[in-house]
Novice: 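My questions all concern the structure below.
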2 protein chains.
Amino acid sequence: MFSQTVEYALRAVCHLAYTAPGSSTTEEIANSTKVPMAYLSKVLQGLARAGVVKSQRGVGGGISLVKSPEELTILEVVNAVDPIVRITTCPLGLKAHGKNLCPLHKRVDNAMASVEEAFKSTTLAEVIAEPTTSIPLCEFPAMRPTNDPE
Amino acid sequence: MFSQTVEYALRAVCHLAYTAPGSSTTEEIANSTKVPMAYLSKVLQGLARAGVVKSQRGVGGGISLVKSPEELTILEVVNAVDPIVRITTCPLGLKAHGKNLCPLHKRVDNAMASVEEAFKSTTLAEVIAEPTTSIPLCEFPAMRPTNDPE
DNA sequence: AGCAAACAGGATAAAAATATCCGATTTGCT
DNA sequence: AGCAAATCGGATATTTTTATCCTGTTTGCT
C-alpha cells in the first residue's frame with residue numbers, strides 16, 4: 001500500500017533522527033537501515049530537494065535533517081518522496097460531480113485522510129523516543145545506531 | 001496511494017451493484033466506469049479468480065456479483081486485486097523485533113489498519129444507497145447506470 | 001597541490017504496473 | 001449447423017518503480 005521508497009525514506013530519517021543534529025553518510029544510513037545504498041542515495045536526493053534533509057559534500061560531509069526530530073512529522077517525509085494525493089474532484093471527470101465526491105470516492109478519500117492525519121500528528125521524535133523493546137533500526141534492545149562502520 | 005487497479009475494480013463492482021443480481025457485459029461496465037475495456041477485462045478476471053464476481057460466456061452472458069451488494073464490502077474488492085498487506089514482522093528482518101514491531105512500523109501498520117477497518121465496514125449497498133447529489137458513476141443526478149448501450 | 005571522502009547526477013537495467021491486441025473458446029439463438 | 005455475442009488467455013507494448021553503476025564535483029586535510 002505504501003511504496004518501497006516511502007519505507008526507505010522513513011527508515012533513513014529515523015536513523016538521522018538518532019544522530020541529529022549531526023550528520024551521517026549515505027553508507028552509514030544504508031547499513032543501518034538495510035536499504036541498497038545506490039538507491040538510498042536517490043531517495044535522499046529526493047528528500048533533499050523537498051527540504052527535509054540537507055547534504056554536505058566532501059570529507060566529513062553527509063546527510064542531516066533540516067528540522068529537529070521534534071518538528072519533523074512522518075507526513076512531511078512521506079509527502080517528500082511519494083505524496084499522499086487527496087481526491088478533490090471526480091476521478092471519472094464527471095462534471096456533475098465536480099468537487100462533490102460521490103459516496104464511493106468520498107470513502108476512498110476518507111481512508112486517505114485518516115492516513116494523512118495519523119502521519120501528520122506523529123513526529124520523528126515520538127517515534128524514536130517511544131519506550132519499547134523494539135527500537136527502530138536496532139537489532140538489540142537498548143542499543144542505538146551509531147556512526148561506527150560495522 | 002491506491003493503485004489504478006483498485007480504483008478500476010471499485011468502479012466496476014459499483015456498476016455491478018446497480019445491476020445486481022443481473023449481469024453486465026465488460027463493454028457496458030467499461031463505458032459506465034470510463035475504464036479502458038481491455039484492461040478492465042483483466043481486472044474483472046482477477047475479481048473472478050478471487051470469487052468476487054462470476055462470468056458467463058456467450059450470448060447473453062456477462063459479469064455479475066457473487067454476493068449481494070449488502071454482503072460485499074469494499075475491502076473484499078480491494079483485497080481481491082491489490083491486497084492490503086499488514087505488517088506482521090519487522091521489514092528489516094531484525095530478529096530481535098520479530099512480531100514486536102518498532103514504533104515506526106507500528107505506526108505505518110496502524111495507518112493500514114485504519115484503512116482496512118474503514119473498508120471492511122462499508123458495503124457496496126451502502127455506497128450506492130447513500131443519498132447524495134453525486135451518484136456513483138452517474139453524470140446526472142437521479143439517473144443511474146443502465147445496460148442500454150449508449 | 002594532491003589525495004581521499006563524500007555527494008550529484010546521468011546512463012542503464014530489471015521488474016512491476018498499466019494497457020492493448022487478437023485468436024480461441026463458450027454459449028444462445030435461429 | 002451456422003452465426004453472433006461474450007469471455008478467456010497469451011503475446012506484446014508502454015510506463016513507472018526499483019535498482020545499479022560510473023563519472024564528475026565538492027570538500028577537508030596534509
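Bear in mind the structure is a predicted one, so any value in this text is a computation, not a measurement. By convention in this document, chain letters (A, B, ...) are assigned in the order of the sequence lines, proteins followed by strands, and residues within each chain are numbered from 1.
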Novice: Quick one: side chain to side chain donor-acceptor pair (under 3.5 Å) partners of B/Gln56, sequence neighbours excluded?
Specialist: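 With sequence neighbours excluded, B/Gln56 shows a side chain to side chain donor-acceptor pair (under 3.5 Å) to no residue whatsoever.
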Novice: For A/Asn110, check side chain to side chain donor-acceptor pair (under 3.5 Å) against everything at least two apart and list the hits.
Specialist: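 A/Asn110 satisfies side chain to side chain donor-acceptor pair (under 3.5 Å) with no other residue.
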Novice: Does A/Tyr8 have a side-chain nitrogen or oxygen under 4.0 Å from the phosphate oxygens OP1 or OP2 of D/dA19?
Specialist: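 For D/dA19, OP1/OP2 do have a side-chain N/O of A/Tyr8 under 4.0 Å.
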Novice: Scan residues 22-49 of chain B for pairs that pass ring pair (Phe, Tyr, Trp, His ring centres under 6.0 Å), counting only residues two or more places apart or in two chains.
Specialist: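 Qualifying pairs: B/Tyr8-B/Tyr39.
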Novice: Using a cut-off of 4.0 Å between protein heavy atoms and nucleotide atoms, how would you tag nucleotides 6-13 of chain D 5' to 3' with B, S and -?
Specialist: BBSBB---
Novice: Could you work out, with side chain to side chain donor-acceptor pair (under 3.5 Å) as the rule, every residue matching B/Glu116, not counting sequence neighbours?
Specialist: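 Here the qualifying residues are B/Arg86.
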Novice: Near A/Glu27 CD, under 6.0 Å, is it more than 12 heavy atoms from other residues, nucleotides or ligands?
Specialist: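 For A/Glu27, atom CD is not crowded (no more than 12 foreign heavy atoms under 6.0 Å).
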Novice: Identify, with sequence neighbours excluded, every residue that meets side chain to side chain contact (heavy atoms under 4.5 Å, CB included) alongside A/Ser121.
Specialist: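 With sequence neighbours excluded, A/Ser121 shows a side chain to side chain contact (heavy atoms under 4.5 Å, CB included) to A/Glu117, given in chain and number order.
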Novice: Just jot down the side chain to side chain donor-acceptor pair (under 3.5 Å) partners of B/Ser64, sequence neighbours excluded, or say none.
Specialist: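 Applying side chain to side chain donor-acceptor pair (under 3.5 Å) to B/Ser64 gives none.
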Novice: Under 4.0 Å from a heavy atom of chain B: give me the 5'-most and 3'-most nucleotides of DNA chain C that qualify.
Specialist: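 Counting from the 5' end, contacts occupy C/dT18 to C/dG28.
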Novice: Only counting residues at least two apart or in another chain, list the ones meeting side chain to side chain contact (heavy atoms under 4.5 Å, CB included) with B/Pro83.
Specialist: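 If we apply the side chain to side chain contact (heavy atoms under 4.5 Å, CB included) test to B/Pro83, skipping adjacent residues, the hits are B/Asn79, B/Val85.
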